[in-house]
Student: 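Right, I'll just put the structure down here and ask away after.
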Number of protein chains: 2
Amino acid sequence: MSTPTPKSQAFDTETRPATDPPVQNLPKVRDDAPVSISDRTGSNRSALNAPSESGSLGRQVAKHLRSRIMQGEFSPGARLPSETEIALDYGVSRVTVRTAIKLLESQGLVDVRHGSGTFVSDFGTEIKAGIQELRSITETIREMGFEPSMERHKGETRAASEHESARLDLMAGEQVLDLQRAVFADGEVVAYSYDVIPIKTLDAQMLERMGQGSVFKVFETIGITPARAIAELHAVSSQEIAWGPQKPEQGLFLLLDQVHFDKDGKPFMYSKSYFVEGRFQFVILRTR
Amino acid sequence: MSTPTPKSQAFDTETRPATDPPVQNLPKVRDDAPVSISDRTGSNRSALNAPSESGSLGRQVAKHLRSRIMQGEFSPGARLPSETEIALDYGVSRVTVRTAIKLLESQGLVDVRHGSGTFVSDFGTEIKAGIQELRSITETIREMGFEPSMERHKGETRAASEHESARLDLMAGEQVLDLQRAVFADGEVVAYSYDVIPIKTLDAQMLERMGQGSVFKVFETIGITPARAIAELHAVSSQEIAWGPQKPEQGLFLLLDQVHFDKDGKPFMYSKSYFVEGRFQFVILRTR
DNA sequence: ATGACGTAAGTCGTCCTACAACTCAACCTA
DNA sequence: TAGGTTGAGTTGTAGGACGACTTACGTCAT
């Protein structure tokens with residue numbers, strides 16, 4: 001990156017070809033050299049450039065702030081540095097910092113008070129098991145301090161049911177992978193997962209790998225990133241759901257019936273997750 | 001407040017004086033007379049100033065846009081006007097519009113695409129029963145197109161249990177109002193609500209009014225505005241919960257066990273709402 | 001001393017202006 | 001016709017300025 005095109009300044013590495021100044025528009029000058037600059041101690045300026053493309057700057061900052069909060073750098077109730085300070089720290093504009101903070105606020109992580117400051121929400125850290133955050137079950141379990149594991153009970157291809165076709169936006173009778181697994185936390189069963197995945201999005205090799213570990217990991221390798229899920233909640237009492245030696249006696253479950261969408265709005269998985277009542281704490285932060 | 005301090009300028013009126021080049025900078029005068037100005041046709045400029053104090057400008061705009069979307073002015077998948085247009089329409093800056101849109105985005109109502117525009121989310125309108133939106137049950141029922149009603153089954157004062165004291169941050173043995181009600185939609189029972197409210201926040205007159213209608217309405221009259229709730233979800237199977245002629249046979253409920261907080265972070269109500277399974281659709285939009 | 005009041009500094013909210021980065025469709029060229 | 005280029009439109013970020021609110025502190029009269 002010879003002539004440092006100010007694109008995403010700061011966090012280097014970036015899309016731009018290493019070759020030369022892309023002739024943007026007109027004589028857009030801006031001859032400043034937005035790099036170098038001696039590193040102030042404690043600066044978070046270079047902390048952002050994630051693995052690869054991580055969304056907008058604001059989201060990157062939000063992500064980083066979030067992890068700082070989660071790791072206890074700011075304890076619940078504590079005040080964050082002012083927006084201006086944070087902006088200087090990360091080397092971004094205050095506008096960007098504000099979008100980041102707005103995001104965290106909407107997630108209930110912080111609490112912005114006009115004229116006073118931004119404070120870490122009192123719950124905040126407990127919330128991380130919250131449903132509204134889209135993440136895989138295994139991921140959630142691990143963050144709660146347990147060791148997740150899975151056991152495949154069934155994994156076969158079949159034609160999609162009418163209901164499934166509707167949810168996944170498929171042709172009638174299209175083939176799907178029917179995956180049934182038990183989910184464990186520290187060896188204790190916490191949920192039974194029924195996943196349905198359209199075959200067409202997978203090649204043969206994927207089918208096997210879907211069994212063990214996180215399904216989402218496999219999706220990532222083929223460029224499918226989960227962006228949203230729309231979920232329905234139900235209480236279920238049935239003996240037909242669980243299996244195996246740890247099958248719970250009373251057969252009472254909290255059902256999360258959800259369709260997953262990628263960032264283009266295309267559905268790529270339909271799953272019913274039956275959580276054994278009492279083994280898993282679901283928390284929702286409701287805001288206005 | 002004699003001298004009309006320009007507080008929330010904008011609607012009604014307008015920031016800039018129609019007179020002449022605003023001097024800005026140092027001698028901060030601002031001698032404008034903040035009224036008049038003919039109404040452009042179709043302008044939403046004056047649509048904001050709600051009942052009274054409605055939060056920041058950005059939130060007001062968000063609220064108004066939200067209702068426009070809900071009322072079908074923009075159908076799912078449709079593109080909203082550009083940020084600049086909306087800003088002109090409401091007579092606010094683009095920054096403000098952006099904060100509003102960010103809010104709607106975080107609620108899953110719209111979908112912002114860089115370089116392309118802002119689109120109404122495909123689900124969007126279904127979501128309005130979503131849990132993460134904090135609103136009273138009656139409000140939710142009404143928005144779903146049913147007529148809500150309530151029936152008080154019990155309403156007495158007693159000492160708070162240990163568990164309740166912990167949740168509500170009370171002294172041991174403090175008095176609370178124990179309210180038990182059945183919730184109906186178009187005459188059909190959909191939920192059983194167990195509410196616990198500290199007495200100290202109420203006067204005698206309030207106690208009666210708590211019985212009928214929305215509890216939140218009563219709270220509003222004494223200046224308590226619900227800002228957040230932290231809720232736990234459970235599946236419950238029991239015959240001890242419901243009562244009355246419409247008592248459901250199988251006794252299967254989705255329990256929303258929640259503590260409500262006002263904007264200062266003080267808990268003011270602890271409630272357990274048992275929703276009769278199958279009668280009420282809970283939808284959650286999960287995002288990352 | 002004490003309490004009411006005004007003042008000033010700090011911080012979030014909004015505005016303005018100017019670009020940068022991205023998308024999409026129309027156009028042009030090979 | 002196929003493919004690349006251009007340009008207009010839209011969201012994202014920057015920077016500077018000021019309004020509105022909160023808080024702490026100092027002043028002053030009691």
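Just so we're on the same page: letters track the sequence lines, and every chain starts at 1.
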Student: If you compare every side-chain N and O of T96(B) against the phosphate oxygens of dG13(C) (OP1, OP2), does one of them come in below 4.0 Å?
Tutor: no

Student: Checking side chain to side chain contact (heavy atoms under 4.5 Å, CB included) against S106(B), which of L109(B), L104(B), V110(B), L103(B) comes through?
Tutor: L103(B)

Student: Whole angstroms only, please: what is the CZ-P distance between R98(B) and dG13(C)?
Tutor: 16 Å

Student: Is the gap between the ring centers of F261(B) and F268(B) under 6.0 Å?
Tutor: no

Student: Hey, does the side-chain of H114(A) have a donor or acceptor N/O within less than 3.5 Å of a partner on the base of dC12(C)?
Tutor: yes

Student: Can you figure out which of dT11(D), dG12(D), dT10(D) approaches the side chain of K102(B) most closely?
Tutor: dG12(D)

Student: To the nearest Å, give me how far apart OH (Y90(B)) and C1' (dG13(C)) are.
Tutor: 19 Å

Student: Return the value, rounded to whole Å, for the distance between atom CZ of F119(B) and atom C1' of dT11(D).
Tutor: 11 Å

Student: Starting from P on dT22(D), measure out to CG on D111(A) and report it in whole angstrom.
Tutor: 13 Å

Student: Return the value, rounded to whole Å, for the distance between atom CG of L103(B) and atom P of dT14(C).
Tutor: 11 Å

Student: Of D111(B), T118(B), V112(B), which meets side chain to side chain contact (heavy atoms under 4.5 Å, CB included) against L80(B)?
Tutor: T118(B)

Student: If you check every side-chain atom of S93(B), which of dC15(C), dG13(C), dT10(D) has the closest atom?
Tutor: dC15(C)

Student: Using a heavy-atom cut-off of 4.0 Å across all strands, would you classify T84(A) as base, sugar-phosphate, or nothing?
Tutor: nothing

Student: Looking at the side chain of S116(B), which of dT14(C), dG12(D), dT23(C) is the nearest nucleotide?
Tutor: dT23(C)

Student: Need to verify one output field. Residue with the more 5' nearest nucleotide on DNA chain C, E105(A) or G115(A)?
Tutor: G115(A)

Student: Rounded to the Å, how far apart are R59(B) CZ and dC12(C) P?
Tutor: 15 Å

Student: Take the protein atom CD of Q60(A) and the nucleotide atom P of dA21(C), then report the distance between them rounded to whole Å.
Tutor: 14 Å

Student: Within a strict 4.5 Å, meaning less than it, do heavy atoms of the Q107(A) and R66(A) side chains meet?
Tutor: yes

Student: Which listed nucleotide (dT11(C), dA14(D), dC15(C)) is nearest to the side chain of L57(B)?
Tutor: dC15(C)

Student: With a cut-off of less than 4.0 Å, is there a side-chain N or O of T99(A) near OP1 or OP2 of dG12(D)?
Tutor: no

Student: Using the closest heavy atom to pick a nucleotide of DNA chain D for each, name whichever of P81(B) or V97(A) lands nearer the 5' end.
Tutor: P81(B)

Student: Does V112(B) reach a base, just sugar-phosphate, or nothing at all? Heavy atoms under 4.0 Å.
Tutor: sugar-phosphate

Student: With respect to the side chain of V95(A), which nucleotide from dT13(D), dC12(C), dT11(C) is positioned closest?
Tutor: dT13(D)

Student: Would R167(B) and E232(B) pass as an ion pair if we require N to O under 4.0 Å?
Tutor: yes

Student: Would you say the base of dG13(C) and the side-chain of R94(A) have a donor-acceptor pair closer than 3.5 Å?
Tutor: yes

Student: Applying ring-ring contact (aromatic ring centres under 6.0 Å, His included), name anything that partners F119(A), two or more places apart in sequence or on another chain.
Tutor: none

Student: Would you classify R113(B) as touching base, sugar-phosphate or nothing, given that sugar-phosphate means primed atoms plus P, OP1 and OP2, and contacts are heavy atoms under 4.0 Å?
Tutor: sugar-phosphate

Student: Would you kindly give the CD1-to-P distance between I86(B) and dC15(C), to the nearest whole Å?
Tutor: 14 Å

